[in-house]
2 protein chains.
Amino acid sequence: MPKKTFFNLPENKRGKLIEAAEKEFSRVPLSQASIANIVKTAGVPRGSFYQYFENKEDAFYYLLEAQTNKRKAFFILSLQNNNGDILAAMEDLFRLMLKELGQEDNVNFLKNALMNVTHEIEDIFTKIFDEKHSGRSSLMEIKCLIDREKLNISDEREFFHIMQILTSVTFRNLVDKYSRNISDDEALENFMIEMNLLRKGLSK
Amino acid sequence: MPKKTFFNLPENKRGKLIEAAEKEFSRVPLSQASIANIVKTAGVPRGSFYQYFENKEDAFYYLLEAQTNKRKAFFILSLQNNNGDILAAMEDLFRLMLKELGQEDNVNFLKNALMNVTHEIEDIFTKIFDEKHSGRSSLMEIKCLIDREKLNISDEREFFHIMQILTSVTFRNLVDKYSRNISDDEALENFMIEMNLLRKGLSK
DNA sequence: CATAGTAAGTGACACAATGTCATTAGTCAA
DNA sequence: TTGACTAATGACATTGTGTCACTTACTATG
């Protein structure tokens with residue numbers, strides 16, 4: 001998390017910082033990003049950067065988390081539209097991200113994040129469904145929307161694991177798309193095959 | 001891949017290099033590993049390192065691939081023991097890795113690799129099941145051993161996707177165990193819940 | 001055997017990045 | 001005005017990377 005000095009900053013300065021960091025993290029993956037570039041484009045002295053953030057990673061995960069929250073909102077919406085069918089909602093989310101990532105604008109950020117998939121990144125996505133991290137409220141919000149009749153679960157714990165499975169499969173499909181340069185259509189087809197396998201089960 | 005000069009090296013020198021690299025990659029995750037340390041413990045001049053490897057990453061993935069091949073052999077064996085049931089074989093592999101990773105010796109290497117899970121790393125694991133990368137032979141070897149009657153697949157393509165799903169779920173469970181410091185028992189329990197969900201399907 | 005030609009070895013060097021710290025400036029309350 | 005706290009600043013020490021000109025070792029051939 002950024003330090004509190006960062007949040008005390010006047011809005012326009014904070015905005016400049018965010019913009020500069022986004023630009024740098026869109027240019028190259030985290031490991032190659034340089035603080036020097038960020039402070040240069042933001043026009044702040046190097047020392048200031050360390051006044052606001054612990055380090056590169058701190059800034060990176062802060063931005064990523066912000067982006068992820070937008071998608072969480074979408075997911076909840078789509079859960080409603082699909083009458084509580086999580087698998088269908090996940091399919092919608094996948095389509096959305098394919099579309100977003102097609103637009104090249106400033107979303108190289110997410111592309112770079114996906115390519116250099118550290119555990120922490122996947123974790124940020126999964127946190128949404130984990131009571132301990134996500135504010136209790138949004139987990140509840142999701143749980144209420146879910147139609148349990150559609151799911152093959154017998155005990156409460158299984159719900160969390162279903163989300164884990166869905167997240168990691170969705171995630172890997174996205175990464176695949178960008179590391180192998182697959183077309184949107186092919187990526188979607190692969191993803192749907194896997195979702196259907198998950199639905200019906202792998203074993204006879 | 002290391003350069004050919006590396007493979008031309010006298011065995012003991014090559015061994016020293018490998019050992020030193022393993023030591024460094026066990027000490028810290030890839031991003032923090034330093035070539036300076038590797039050449040120091042191996043007792044070779046810095047310039048030589050670049051004679052043998054492209055860079056840090058090159059050395060790292062070379063070592064990782066070597067380790068992974070051992071596990072591939074185990075997987076094939078366990079597929080035989082389980083009469084071609086891939087899910088059961090995967091469960092055995094998971095148990096093996098829990099056991100291996102319990103022994104602290106030099107396996108911090110794998111731990112560090114898992115914690116810093118780039119796409120490339122998961123890829124190395126998955127390659128085993130991909131005709132394009134794995135030598136055609138070992139994929140065939142695996143395919144022959146698999147008892148398709150146990151699987152719920154209707155068309156040939158689905159087989160590859162089953163392996164994708166299994167790999168990513170297994171993988172994430174391992175990462176979880178080490179990032180959250182879960183006990184072996186709990187990790188195994190979580191994993192088994194997910195495997196059973198996969199078996200019977202997520203939807204009613 | 002001499003010699004030319006190729007492959008490998010070497011470490012100083014240029015360059016870039018990181019995180020720190022002593023110093024300076026700003027703000028606000030007493 | 002003073003004192004006390006918070007923030008800003010950029011020079012600096014340190015560490016790391018990859019390269020290159022030069023040296024050494026090895027091999028084959030006339």
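For clarity, every value in this text was computed on a predicted model and none was experimentally measured. Throughout, a chain's letter reflects where its sequence line sits, starting with A, and its residues are numbered from 1.
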Checklist line | Protein proximity profile, nucleotides 10-29 of chain C - base contact B, sugar-phosphate-only contact S, no contact -, cut-off 4.0 Å on heavy atoms | finding: BB-----SBBB---------

Next item on the list: Could you list the residues that satisfy side chain to side chain contact (heavy atoms under 4.5 Å, CB included) with A:E11, not counting sequence neighbours?
Entry: A:R14

Notebook entry, point to check: According to the salt bridge (charged side-chain N to carboxylate O under 4.0 Å, His left out) rule, which pairs have a member within residues 35-57 of chain A, sequence neighbours left out?
Noted result: none

Check: Among pairs that include at least one residue of residues 61-70 of chain B, which meet salt bridge (charged side-chain N to carboxylate O under 4.0 Å, His left out), considering only residues two or more places apart or in two chains?
Finding: B:E65-B:K127

Margin query: Restricting to side chain to side chain donor-acceptor pair (under 3.5 Å), what partner residues turn up for A:N112, sequence neighbours left out?
Written below: none

Margin query: Within 45 degrees of the ring normal and closer than 6.0 Å to the centroid, is that where the cationic atom of A:R27 sits relative to A:F109?
Written below: no

Item checked: Pairs satisfying ring pair (Phe, Tyr, Trp, His ring centres under 6.0 Å), at least one member in residues 14-52 of chain B, at least two apart -> B:F25-B:F60, B:F49-B:F53

Checklist line | Protein-nucleotide distance (B:K4, atom NZ; C:dT6, atom C1'), rounded to Å | finding: 10 Å

Next item on the list: Name all residues meeting the salt bridge (charged side-chain N to carboxylate O under 4.0 Å, His left out) criterion together with A:K150; count only those two or more places apart in sequence or in a different chain, and write none if there are none.
Entry: A:D147

Next item on the list: Output every pair passing salt bridge (charged side-chain N to carboxylate O under 4.0 Å, His left out) with a member in residues 157-172 of chain B, not counting sequence neighbours, ordered by first then second residue.
Entry: A:E189-B:R157, A:K200-B:E158, B:R172-B:E194

Notebook entry, point to check: What is the 5' to 3' range of DNA chain D, first to last nucleotide, that sits under 4.0 Å from any heavy atom of chain A?
Noted result: D:dA7 to D:dG10

